[in-house]
**Student:** 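Okay, here's the structure, questions in a sec.
The basis for the numbers below is simple: all heavy atoms, side chains too, and nothing from hydrogens, waters or symmetry mates. Positions are given from 1 along the sequence.
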Amino acid sequence: MKRISTFIMVLACTFASAQTIDDVMRYSTENLQGTARFQAMGGAFGALGGDLSALNVNPAGSAVFNFSEISITGSNYHRNNDALYGNTTRNSTDNSLDFNQIGGVFVWNSSTDSPWKKIALAVNYDLVENFDNQLVVTGSSPVGIDNYFLNFADGEPLGPLRTQQGEYIEDAYLDIGANLGYSAQQAFLGFQAGIIEPVEDDDQNTSYFSNAQYGTVNQRYVRNTSGYNSKFTLNFASQYKEDLYLGASLNFHNVLYDRVSYLDEEGYDAESPIQSISFDNLLHTEGYGFSFSLGAIAKVNQTVRVGASYQSPTWYTLTDDTSQRINSNLAVSDIDFINFTIVNLYDEYRIKTPEKYTGSVALVFGQDGLISFDYSYQDMSKAELRPTSDPSFAAENDFISDTLGAVNSFRLGGEYRIDQVSLRGGYRYDQSPYEDTDFVGDLNGFSAGIGYNFGASRLDLAYSRTEQDVNSYLFDGGVDNAALINRINTNISLGYTLKF
């Protein structure tokens with residue numbers, strides 16, 4: 001009977017919003033993905049086209065194709081994180097394999113005297129972001145996890161933090177979250193785990209103290225993430241006369257994100273009532289989104305091409321669910337019934353990411369090679385959590401507006417052909433979206449690759465590497481413990497293209 005009642009409680013619970021700037025940034029960030037050729041040249045394809053992943057930069061690019069073709073790309077993703085916490089640096093790595101691109105373009109040349117010389121229809125799937133990663137943080141801190149629970153407990157009455165006669169602890173946990181909110185629920189966890197105690201043993205008490213005594217504590221924190229943000233593109237483009245290409249795309253996004261974190265804390269004073277704490281959290285997010293893009297490419301002469309494109313905001317609709325578990329040497333005996341099978345369901349919410357503008361120029365030297373440059377501008381301060389009428393969203397949107405700023409991005413790519421062999425290289429720079437670059441630094445990356453043209457088909461290999469410094473908070477609220485992470489992401493991609 002206990003399991004049945006808990007299951008019903010899980011389905012019935014809907015919680016107040018708990019989304020933050022971190023959610024906005026997670027789904028606003030696009031890694032350099034796509035075909036191996038696209039990656040090898042740093043994604044600088046806004047004035048070039050002729051590549052299925054170039055549609056992500058400029059939808060006019062499909063009209064540049066002279067033949068119909070299909071392509072597929074697979075990648076190895078290697079994540080390397082050096083986490084500095086206190087005076088300790090800890091390295092962690094993660095490897096994953098995935099098919100990150102598959103698509104096709106169909107080209108029809110006009111057989112009449114119409115100025116519209118060519119029509120192209122394209123469909124393409126790209127992995128915008130691969131979330132597979134692992135972060136391990138170890139070190140000592142003067143701020144223990146007890147401060148997290150004290151922060152949320154401050155002002156919360158003691159009465160609801162007690163389990164009632166005959167009430168299961170997991171049912172109380174869900175009921176508090178559904179009716180009193182996230183802060184009261186976290187206070188309940190801290191109280192039931194014996195980490196915090198009321199100043200007065202009275203149901204109206206709203207002040208608490210910690211059972212943990214320490215100067216510094218030893219912490220080990222592990223965060224594993226998985227999932228993806230993908231984009232399916234439907235594209236239409238046309239060539240007007242000899243020198244102008246116009247195009248438009250509809251983009252359908254799909255999101256799946258899982259994050260599980262584990263915190264173990266010890267190293268308290270010998271006389272401390274608390275001697276060990278473990279606190280684990282699970283977040284599951286899924287949803288969908290929509291965006292569109294418009295673009296044009298013009299041939300100035302036989303060598304120079306210019307391009308311009310507009311990427312609309314992406315409108316995401318998302319749902320979250322969370323689970324937690326906690327323990328300590330002072331926890332109540334049935335604390336283990338609060339675990340990852342007890343799920344908090346949140347209301348559906350929306351995220352609007354800002355529009356992006358891109359200008360491009362390329363120099364094409366016949367069959368010998370090319371050089372291409374893209375510049376993009378995106379004002380991240382316009383990102384929004386919705387509905388904006390939600391008071392917590394309104395406050396967070398004000399914080400986003402004050403914290404984030406304009407992002408200027410530069411991409412440079414080149415290709416040199418020797419008979420059937422193409423040698424490629426690229427560079428990428430993305431300005432930090434944060435006004436305070438000490439929080440999140442600028443991103444720098446470089447890439448290289450090689451391709452072999454068999455005539456009717458082509459095989460491409462690419463290597464790309466990006467590096468960025470990020471201050472990563474261990475928790476979304478309650479404490480400001482953060483680790484300085486040096487992130488190095490390396491992709492090795494192999495792609496195959498077939499013309500028909």
**Student:** May I ask you to test the Leu263-Ile145 pair for a side-chain heavy-atom distance under 4.5 Å?
**Tutor:**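 Leu263 vs Ile145: side chains touch.
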**Student:** Aromatic contact between Tyr375 and Phe410, with the criterion being ring centroids under 6.0 Å apart: yes or no?
**Tutor:**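 That pair passes the under 6.0 Å test.
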**Student:** Let me know which of Asp480, Leu135, Asn481, Val479 forms a side-chain contact (heavy atoms from CB on, under 4.5 Å) with Leu474.
**Tutor:**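 For Leu474, the side-chain contact (heavy atoms from CB on, under 4.5 Å) check succeeds only for Asn481.
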**Student:** Once you measure the plane-to-plane angle for Phe290 and Phe252, does it fall in the parallel (<30°), tilted (30-60°) or perpendicular (>60°) bin?
**Tutor:**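 Phe290 vs Phe252 ring planes: tilted.
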**Student:** Report yes if the distance between the aromatic ring centroids of Phe439 and Tyr473 is under 6.0 Å, otherwise no.
**Tutor:**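 Judged by ring-centre distance (under 6.0 Å), Phe439 and Tyr473 do meet the cut-off.
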**Student:** Specify whether Tyr148 and Phe279 have parallel, tilted or perpendicular ring planes, treating 30° as the upper limit for parallel and 60° as the lower limit for perpendicular.
**Tutor:**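 Ring orientation of Tyr148 relative to Phe279: tilted.
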**Student:** Between Arg428 and Asp430, does any NZ, NE, NH1 or NH2 come within less than 4.0 Å of an OD or OE carboxylate oxygen?
**Tutor:**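 Salt bridge: yes.
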**Student:** Test Arg37 against Glu415 for salt bridge (Lys or Arg N to Asp or Glu O under 4.0 Å), laying out the working first.
**Tutor:** CA-CA 9 Å; Arg37 183 176 182 235; Glu415 182 177 57; 3.0 Å; yes
**Student:** Looking at Glu129 and Arg26, is there a salt bridge between them, counting it only when a charged N and a carboxylate O are closer than 4.0 Å?
**Tutor:**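 Answer for the salt bridge query: no.
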**Student:** Just say parallel, tilted or perpendicular for the rings of Tyr221 and Phe475, cut-offs at 30° and 60°.
**Tutor:**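 Tyr221 vs Phe475 ring planes: perpendicular.
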**Student:** Applying side-chain hydrogen bond (donor to acceptor under 3.5 Å, both in side chains), which residue pairs with at least one partner in residues 434-443 are found, sequence neighbours left out?
**Tutor:**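 Applying side-chain hydrogen bond (donor to acceptor under 3.5 Å, both in side chains) to every pair that reaches into residues 434-443, excluding sequence neighbours, yields Tyr429-Asp442.
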**Student:** Are Tyr228 and Asn130 packed together at the side-chain level, in the sense that at least one heavy-atom pair is separated by less than 4.5 angstrom?
**Tutor:**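 Counting from C-beta outward, Tyr228 and Asn130 never come under 4.5 Å.
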**Student:** Take Lys231 and Asp126 through the test salt bridge (Lys or Arg N to Asp or Glu O under 4.0 Å) and record every step on the way to the result.
**Tutor:** CA-CA 5 Å; Lys231 180 194 294 185; Asp126 261 323; over 6 Å; no
**Student:** So Tyr316 and Tyr27, would you call those rings parallel, tilted or perpendicular, with 30° and 60° as cut-offs?
**Tutor:**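 Ring orientation, 0 to 90° scale: tilted.
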